[in-house]
There are 2 protein chains.
Amino acid sequence: MHIAKDHDVRKAEFLDTAMSLFIERGYDDTSVNAIIEAVGVSKGAFYHYFRTKEELLDELAARAGEQAMAIVEPIVSEPGVPAVDKMNAMFARTNAFKAQNRELMLTLARVFYSDRNALLRSRMTRRSVELTAPALARIIEQGNREGTMAVGHPTQTAQMILEFGATVVAGFAQRLDEIDRDPAVGDELILSMRVYTESVERILGVAAGSLTLVDDSIVRIVRGYTTESNGGADDRS
Amino acid sequence: MHIAKDHDVRKAEFLDTAMSLFIERGYDDTSVNAIIEAVGVSKGAFYHYFRTKEELLDELAARAGEQAMAIVEPIVSEPGVPAVDKMNAMFARTNAFKAQNRELMLTLARVFYSDRNALLRSRMTRRSVELTAPALARIIEQGNREGTMAVGHPTQTAQMILEFGATVVAGFAQRLDEIDRDPAVGDELILSMRVYTESVERILGVAAGSLTLVDDSIVRIVRGYTTESNGGADDRS
DNA sequence: AGGTAGGTACCGACCATCGGTATGTAATGT
DNA sequence: ACATTACATACCGATGGTCGGTACCTACCT
C-alpha cells in the first residue's frame with residue numbers, strides 16, 4: 001500500500017514541512033503529531049528518522065548554516081576583490097533575496113523572530129555564525145593587509161559582528177508590528193539599521209560610509225509596510 | 001486549617017520559587033506541578049494568580065527589568081561624575097556581584113544561558129535592555145557634551161550596546177563548559193571579552209583603554225573554573 | 001446580635017494533548 | 001533465505017490547563 005521513498009527524500013520532506021510549520025506556529029506549538037499529519041505518515045515514521053523532536057530542530061539549524069555558508073563561500077574566495085567590497089557583497093546578497101520576497105520575508109521575520117521561536121532562532125543563528133565567522137574573519141584579515149581595516153583580533157571580531165547583526169535584526173523584526181500603531185517606529189528602525197552599519201564601520205576601523213550592510217531595499221520594505229501600494233518614495237538621502 | 005496569606009505575599013512566593021526552579025531545571029523542564037509542590041499549594045491556587053505558566057514568566061521578566069533599573073539609576077543620576085566613569089561603574093556593579101558569588105554565578109550562567117532557556121533569557125534581557133537603555137543613553141549624551149565620546153545617535157547606540165553585551169555574555173556562558181575539555185577555550189573567552197570592550201570603545205569613539213566593562217574578577221572566574229583551588233595567578237597584564 | 005450575600009483564596013479531580021516507546025509487519029536489498 | 005529498512009499502531013506517563021466545589025472573610029441589612 002504505502003510506497004517506500006528514498007531515505008534522504010523522506011527526511012528532506014520531514015525537514016521542509018517541519019520548518020514551515022515551525023515558521024507558522026512556532027517550535028513549541030508545533031507538535032510531532034502535526035508534523036506527521038502534514039507529511040501523511042505515522043509516528044513510527046517520524047521516530048525512525050529522528051530520535052527526538054529536538055534532533056530535527058538541530059538538523060534544521062545545521063541545514064541553515066550550510067546554506068548560509070554556501071552563499072558566503074564563493075564571495076570570500078573571489079580573488080582580486082577588496083575586502084570592503086567583499087563585505088558589502090556578503091550582506092547585499094542576503095538583502096537582495098529579502099527585497100525580492102518582500103511578502104515572504106515579512107511574515108517569516110515576524111514569526112521567526114517572535115520570541116515564541118527563541119529556541120529555534122538561537123540554534124539557527126548560532127550554527128550560522130559558527131560556520132560563517134571564519135569566512136568573515138578571512139575578509140577582515142585581508143582588509144588588515146590592504147590597510148583598509150584595523151582590527152586586532154579578526155576571528156573574535158568576525159564572530160561578534162555576526163552575532164551582533166543577528167541581535168539587531170531580531171530586535172528589528174520584533175518591532176515591525178509596532179509600525180501599524182505608530183508610523184514613527186519605522187523611522188526609528190531605519191535609523192537603528194544605520195547606527196548598526198556605523199557601529200560595524202567603527203569596530204572595523206574602516207572609513208565612514210564605506211559599508212552598506214543594509215541597502216535601500218530593506219528601507220523600502222519598512223516604508224511599504226503599512227500601505228501595500230507605495231506611491232512616490234519620500235526618501236531623503 | 002489552611003492559613004490565607006496576603007495576595008502579594010503569596011504571589012511573590014510563587015515568583016521566587018518559580019524563578020529558582022527555572023534557574024535549576026530550565027523553564028520548559030519545570031512543570032506547574034513542580035512549582036505548586038514547592039510552594040505547597042494546589043493547582044487551583046496557581047491558576048488563581050496566573051492565567052498561564054507563561055504569564056508568570058513575563059512577570060518574572062518585568063521584575064528582573066525593574067531590579068536592573070534600580071541598580072543603574074543611582075549611578076546615572078550622580079552629578080559631577082564623568083560619563084566614562086559612570087559607564088565603568090555601571091558595568092562594574094554587576095561584575096562585583098558576580099565575583100562575590102562565583103559559585104552561584106557559574107551554575108546560574110550555565111543554566112540561564114543554556115539554550116533550553118532561550119525563551120526565559122530572551123524575555124528577561126529584552127525587558128532589561130528596554131528599561132536600562134534610556135539611562136545609558138543619558139550617559140552617552142553626557143559623554144558627547146564632555147567631548148569624551150562621539151556618538152551620532154545615543155538612544156539607538158545605547159540599546160545596541162546593551163543588546164550586544166547580552167549576546168556576548170550569552171555566547172560566553174554557553175562556552176564555559178568547553179573549558180573542561182580544552183583549557184585553551186578559557187583564553188579564547190577572555191580574549192573575546194577584551195574584544196567586546198574594545199568594540200564598544202570604538203563604537204562610542206572613546207579613548208582606547210578607558211573602558212573596563214569586564215574586570216579581572218571575571219577573568220579569575222574563568223581561570224579558576226577548572227580547578228577549584230586556584231594557586232598562584234599567572235597573570236600577564 | 002444574627003443572618004446572609006458576595007467576593008477572594010484555594011482545593012483536587014479531571015481532560016486533551018504532548019513527546020516518546022514498544023511491538024508488530026510489509027517491503028526491499030543481498 | 002534472511003536480515004535490514006521503513007514504516008504502522010497501540011500505548012505510556014507527564015504536562016498545561018479547566019472546572020465545580022468549598023472554606024473563609026467582610027459588609028450590609030434587619
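Computed from a prediction, not measured in an experiment: that's the story for all the values here.
One interatomic measurement links the two molecules: OH of A:Y27 to C1' of C:dC18, which rounds to 12 Å at whole-angstrom precision. Going from atom CG of B:D29 over to atom C1' of D:dG16 covers 14 Å, rounded to whole Å. C:dG12 atom P lies 13 Å from atom NZ of B:K43, rounded to whole Å. Straight-line distance from the CG atom of A:D6 to the C1' atom of C:dT28: 13 Å, rounded to whole Å. In this structure, B:E37 places its CD atom 10 Å from P of D:dT15, rounding to the nearest Å. For the pair B:F46 CZ and D:dT15 C1', the computed distance is 12 Å after rounding to whole Å. Between the CG atom of B:L56 and the P atom of D:dT15 there is a distance of 16 Å, rounded to whole Å. The nearest whole Å value for the distance from the CG atom in A:D28 to the P atom in D:dA14 is 20 Å.
Between B:D182 and B:R175 no salt bridge is recorded (no basic side-chain N to carboxylate O distance below 4.0 Å).
When each of D:dG17, C:dG19, C:dA9 is scored by its nearest atom to the side-chain atoms of B:T52, the top-ranked nucleotide is D:dG17. Out of D:dT15, D:dT18, C:dG20, the shortest distance to the side chain of B:Y47 is found at D:dT18. Comparing D:dA8, C:dC11, C:dA9 by their nearest atom to the side chain of B:S42 picks out C:dC11. If you check C:dC10, D:dA6, D:dA8 against the side chain of A:V41, the one that comes closest is D:dA8.
Classification of the B:Y49-B:H7 ring pair by plane angle, with boundaries at 30° and 60°, yields tilted.
When ring centroids are compared, A:F164 and A:Y196 come within the 6.0 Å threshold.
More than 12 heavy atoms of other residues, nucleotides or ligands sit less than 6.0 Å from atom CD of A:E130.
Where A:G44 and A:H48 meet DNA chain D, the nucleotide closest to each residue was compared, and A:H48 sits on the side nearer the 5' end.
The shortest distance between the side-chain N/O atoms of A:N33 and the OP1/OP2 oxygens of C:dT17 is not below 4.0 Å. The side chain of B:R10 places an N or O atom within less than 4.0 Å of a non-bridging phosphate oxygen (OP1 or OP2) of C:dC10.
For the 3.5 Å distance criterion, the side chains of B:E73 and B:S77 qualify, holding a donor opposite an acceptor.
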